[in-house]
Amino acid sequence: MSVLRRAKTWEISESEDSDAESKPELNSQTVTTSPELKGEQSSEDQSKTVPASETQRGSGPTWDLAPPTRDATTCTPGPARKRRTKEEMEADRRKAQERKEARERQRALRAQEKEERRREQQRRREASENLKRFRPDNCLKSLTVCVDPALLQQDDSDILLDTLASFKWRFSIESQQLAQSITWTRELPQEENGEVSVAEEQVLLVLGLTDLMDMIISVKKMLDSEGEETGTGPFLSPLLECLNSDAKMVVTMLVTDCEPDYRTNTCGVNLLDEMLQSKLGMKNVDIEEVLVYLQLCKNISVVFLDGWQDVTDHVCAVTKALSKRPFKLLTERTELPFCVDGSWASGFRVEKDGSGLIEVWSKQIQQLNRVSPAVASAVTATYPSPQLLLQAYHSLGSEEERKGLLAGLVVKSGGKERRIGPEISARVYCCFTAQNPQLVLD
């Protein structure tokens, strides 16, 4: 076994030394000194030189590279940032404010449109609910038949109450302003107070032949005294007071044969005539005069019935008529009722902005015989409204000029042109200016 001796220092040859001097940056780390000390430290440099292997084995190679220097003559500086003036900053601020205001206006406009759509939907919903509430079957639920307690003392009066109960209609028994009367009240919905009861103007006054005879006598005395309403009797006096306080009240007197002695006669008028003629000496002319005065001057009609079954049927008929009344008033309340919807009526719908009036004006001219749509279009193109046509008629001096005003208008039909002619022009003139309603235009 041979013993190897490791050299403490490296022996560097001259060739290696020259290589190390030529490439100092790759083989060793050298210390730069001044030229005066270079000769003195040359021997020490050789002994203090660190081998390249140890350098690589330690912290890696060290490159002695200096950073590149900039030449002031060749370097081009970047563009300097331009500072904004106060006017430019104020202009930018105004533009930003304008954009913000525009966004706010658009937001407010969208919110307004959304609110309008919501209100329109709410209005349509309320209209639909009102229309549903005004239907006759729903209106019957809001009507109440009010019966005076004095009527329940008569025989067979329970027929009325049993019939109302079988129909499940609302009725009440309470004292009325007129004795022996039947009235109606309607419940109307209110937003604040809930429901409000409104009295209908229809009033039924149930009387017997004796009561009617006393009323006729009272009216005859009042007519003989030139309309003085003093001492008019127990039935006529309160009735006239109610009519004077409410002119819209419509009273119907239902005359029934309630007395046993008069039930054999089926005609109430004949029985009334016999009673008045035999007991009071009144003639038929006097009775008719009283009945006409009650109907024309006081809006009171007289109906003769056989018994309470007929009275019940009359009450049911009036109740059904009152339930249909609101719906009819709602459907008939239109701005232009002659402009109906549907092709079957040959009408045109007129909107709130006035669109559709020109079609109505053209259709009005076509109602004349032998006036085609082409002729009507020629007239409406020259005179877009009836008022303009009437003004043109009034501007002319003679009757012949007015009759021939439309004769020269050109009508285009089927690729051909022709004139309206004097005949149709004269008929249109007579239609809009004639004062005689019986005038035959053709």
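Nothing here was measured: the structure is a model prediction, and the numbers come from that model.
Residue Phe327 holds its CZ atom at 7.0 Å from CZ of Arg135, rounded to the nearest 0.5 Å. Note that OG1 of Thr312 is 6.0 Å distant from CD1 of Ile159, once rounded to the nearest 0.5 Å. Atom-to-atom distance recorded for Leu236:CG and Ile300:CD1 is 7.0 Å, nearest 0.5 angstrom. The CG atom of Asn299 lies 10.5 Å from the CE atom of Met249; values are rounded to the nearest 0.5 Å. How far OG of Ser237 is from CE of Met222: 10.5 Å, rounded to the nearest 0.5 Å. We find the CD1-OH distance between Ile216 and Tyr293 to be 14.0 Å, quoted to the nearest 0.5 Å.
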If you apply the rule side-chain contact (heavy atoms from CB on, under 4.5 Å), what do you find for Val318 with Thr252, and how did you get there? CA-CA 11 Å; Val318 174; Thr252 302; over 6 Å; no

Passes side-chain hydrogen bond (donor to acceptor under 3.5 Å, both in side chains), Arg103 versus Gln106? Steps please. CA-CA 5 Å; Arg103 288 193 300 269; Gln106 292 178 0; over 6 Å; no

Test salt bridge (Lys or Arg N to Asp or Glu O under 4.0 Å) on Glu120 and Arg117 and set out the steps. CA-CA 5 Å; Glu120 181 67 18; Arg117 288 194 299 267; over 6 Å; no

I would like to know whether Val311 and Asp156 meet side-chain contact (heavy atoms from CB on, under 4.5 Å); could you show each step before the answer? CA-CA 10 Å; Val311 173; Asp156 299 333; over 6 Å; no

Test side-chain contact (heavy atoms from CB on, under 4.5 Å) applied to Leu178 and Leu239, step by step: CA-CA 7 Å; Leu178 293 176; Leu239 180 59; 3.7 Å; yes

Can you list the steps and then say if Met253 with Met215 is a side-chain contact (heavy atoms from CB on, under 4.5 Å)? CA-CA 11 Å; Met253 290 190 297; Met215 183 174 293; 3.2 Å; yes

Salt bridge (Lys or Arg N to Asp or Glu O under 4.0 Å) between Glu187 and Lys141, worked out: CA-CA 9 Å; Glu187 302 294 336; Lys141 300 177 182 179; over 6 Å; no

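Residues Thr163 and Val315 are not in side-chain contact: their nearest non-hydrogen atoms beyond the backbone lie 4.5 Å or more apart. A 4.5 Å side-chain heavy-atom check between Phe304 and Asp310 finds every atom pair outside the cut-off. Counting heavy atoms from C-beta outward, Leu254 and Val302 have side chains that stay 4.5 Å or more apart. By the 4.5 Å heavy-atom criterion applied to side chains, Leu405 and Leu389 are counted as neighbours. The shortest distance between side-chain heavy atoms of Leu160 and Val145 does not fall below 4.5 Å. Side chains of Arg84 and Asp92 form a contact here, defined as non-hydrogen atoms less than 4.5 Å apart. Using a 4.5 Å heavy-atom cutoff, the side chains of Ile424 and Leu406 are not in contact. Residues Glu289 and Val219 have side chains not in contact (no heavy-atom distance under 4.5 Å, counting atoms from C-beta outward).
Looking at residues two or more places apart in sequence or on another chain, you find a ring pair (Phe, Tyr, Trp, His ring centres under 6.0 Å) between Trp361 and Phe432. Glu401 pairs by the salt bridge (charged side-chain N to carboxylate O under 4.0 Å, His left out) definition with nothing, not counting sequence neighbours. The salt bridge (charged side-chain N to carboxylate O under 4.0 Å, His left out) check on Glu88 picks up nothing, with sequence neighbours excluded. Applying the salt bridge (charged side-chain N to carboxylate O under 4.0 Å, His left out) rule to Arg110 yields no partners; only residues at least two apart in sequence or on another chain are considered.
Checked by atom type and distance alone, the side chain of Thr256 never pairs as donor or acceptor with a backbone atom of Asp306 at under 3.5 Å. Looking at Asn244, its side chain does come within 3.5 Å of a backbone N or O of Leu240 through a donor-acceptor pair. Listed for the Arg107 side chain is no donor-acceptor partner under 3.5 Å among the backbone atoms of Ala102. Side chain of Arg419 to main chain of Ala407: no donor-acceptor pair is present (N/O by atom type, distance under 3.5 Å, no hydrogens or angles). No donor-acceptor distance shorter than 3.5 angstrom exists from the side chain of Ser323 to the backbone of Leu140, with no hydrogens or angles considered. The backbone N or O of Cys242 sits nowhere less than 3.5 Å from a side-chain atom of Asp246 that would complete a donor-acceptor pair.
Inspection of the Gln391 and Tyr383 side chains reveals no N or O donor paired with an N or O acceptor under 3.5 Å. Using modelled atom types, one finds a donor on one side chain and an acceptor on the other under 3.5 Å when comparing Gln366 with Ser362. A donor-acceptor pair shorter than 3.5 Å cannot be found between the side chains of Arg124 and Gln121.
Annotation: side-chain hydrogen bond (donor to acceptor under 3.5 Å, both in side chains) contacts involving residues 174-185, sequence neighbours excluded, comprise Gln176-Thr183, Trp184-Thr319.
The minimum heavy-atom distance linking Ala378 with Val411 is given by the pair CB-CG2, 4.1 Å. Taking every heavy atom of both residues into account, Pro326 and Leu322 meet most closely at CD-O, 3.3 Å. Closest approach of Phe167 to Cys316, counting heavy atoms only: CE1-SG, 3.8 Å.
Electrostatic pairing of Glu126 and Arg123 does not count as a salt bridge here, judged by no charged N lying under 4.0 Å from a carboxylate O. Between Glu115 and Arg119 there is a salt bridge, with a side-chain nitrogen of the basic residue lying less than 4.0 Å from a carboxylate oxygen of the acidic one.
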Pairs under 3.5 angstrom only: tabulate donor-acceptor contacts from the side chains of residues 198-205 to other protein residues two or more places apart or in another chain.
unit_1 : atom_1 : unit_2 : atom_2 : d
Glu200 : OE2    : Arg186 : NE     : 2.7
Glu200 : OE2    : Arg186 : NH2    : 3.0
Glu201 : OE2    : Arg325 : NH1    : 2.2
Glu201 : OE2    : Arg325 : NH2    : 2.9

